[in-house]
Amino acid sequence: MKMKNCAVAVCDLSDTERNTKGSLVLATASDWMIQEDFRQTSVLANTCFRFQKMEKKAIEAVSKRNQEVKDQLNSIPKGRAKSGRPWKVNRMARSSEIKKVKSLKSSWAEKMKKKAEEQSVKSFEKQLKDERAAKLELQRQRQNEHKQRKLENEKKSEVVQTIKNTAKIKRMKKKQLRLLAKR
């Protein structure tokens with residue numbers, strides 16, 4: 001049985017294999033093969049694998065317990081905020097716990113490209129607005145010219161009768177006075 005050099009084992013060893021302080025020993029698997037015979041190495045590897053399995057189970061148990069505690073805390077009904085700001089919600093996780101997606105970040109070149117695109121869209125919008133405003137202004141001018149022309153034509157087509165005797169004006173009725181115009 002050949003073991004790779006890159007494997008690192010943290011193992012709980014028997015009393016004879018413990019160091020003087022009685023703590024765990026850290027070594028590569030190949031170092032153990034050199035020092036011990038095949039049988040002892042396989043026993044060591046088995047204990048290492050058992051230790052790793054136990055470690056995984058412990059990590060899973062701790063993470064499961066943490067999740068249960070978070071769920072319990074989140075299930076407690078919240079009262080009124082002490083700060084007096086009811087719109088502020090309690091954060092569910094720290095910002096360091098939130099998984100940040102790298103794809104949401106963009107490079108400088110992409111940002112500048114997006115900025116240039118936005119500017120071109122804005123300039124196009126402004127151009128359209130200016131064209132519309134010019135069109136409306138032209139339409140207003142034409143309407144004013146039309147009104148003036150209409151008034152001039154009405155004045156030209158009027159039948160005018162000059163009143164030389166002002167005493168007639170005094171004898172006229174209200175309806176007739178309304179028809180009078182001074183020019």
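Note that this is a predicted model, so its numbers are computed, not measured.
With a 6.0 Å radius and a threshold of 12 heavy atoms from other residues, nucleotides or ligands, Gln141 has its CD atom above the threshold.
Annotation: the span from Met112 atom CE to Lys114 atom NZ amounts to 13.0 Å, rounded to 0.5 Å. Between the NZ atom in Lys129 and the CZ atom in Phe124 there is a gap of 12.5 Å [rounded to 0.5 Å]. Between atom CD of residue Gln139 and atom CG of residue Asn144 there is a gap of 11.0 Å, rounded to the nearest 0.5 Å. To the nearest 0.5 Å, atom CZ of residue Arg171 and atom CD of residue Gln176 are 11.0 Å apart. Rounding to the nearest 0.5 angstrom, the gap separating the NZ atom in Lys113 from the OG atom in Ser107 is 10.0 Å. Rounding to the nearest 0.5 Å gives a distance of 9.5 Å between NE2 of His146 and CG of Asn153.
Residues Lys135 and Leu138 fail the side-chain proximity criterion, which asks for heavy atoms closer than 4.5 Å.
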*Lys168 and Asn165: side-chain contact (heavy atoms from CB on, under 4.5 Å), yes or no, with the steps?*
CA-CA 6 Å; Lys168 284 184 181 178; Asn165 188 4; 4.2 Å; yes
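Leu177 and Ile163 end up in the same hydrophobic cluster when Ile, Leu, Val, Met, Phe, Trp and Tyr side chains are linked at under 4.5 Å.
The pair Glu158-Lys155 fails the salt-bridge criterion, with no side-chain N (NZ, NE, NH1 or NH2) lying under 4.0 Å from an Asp/Glu carboxylate O. Taking the charged nitrogens against the carboxylate oxygens, Lys122 and Glu125 have no contact shorter than 4.0 Å, which rules out a salt bridge.
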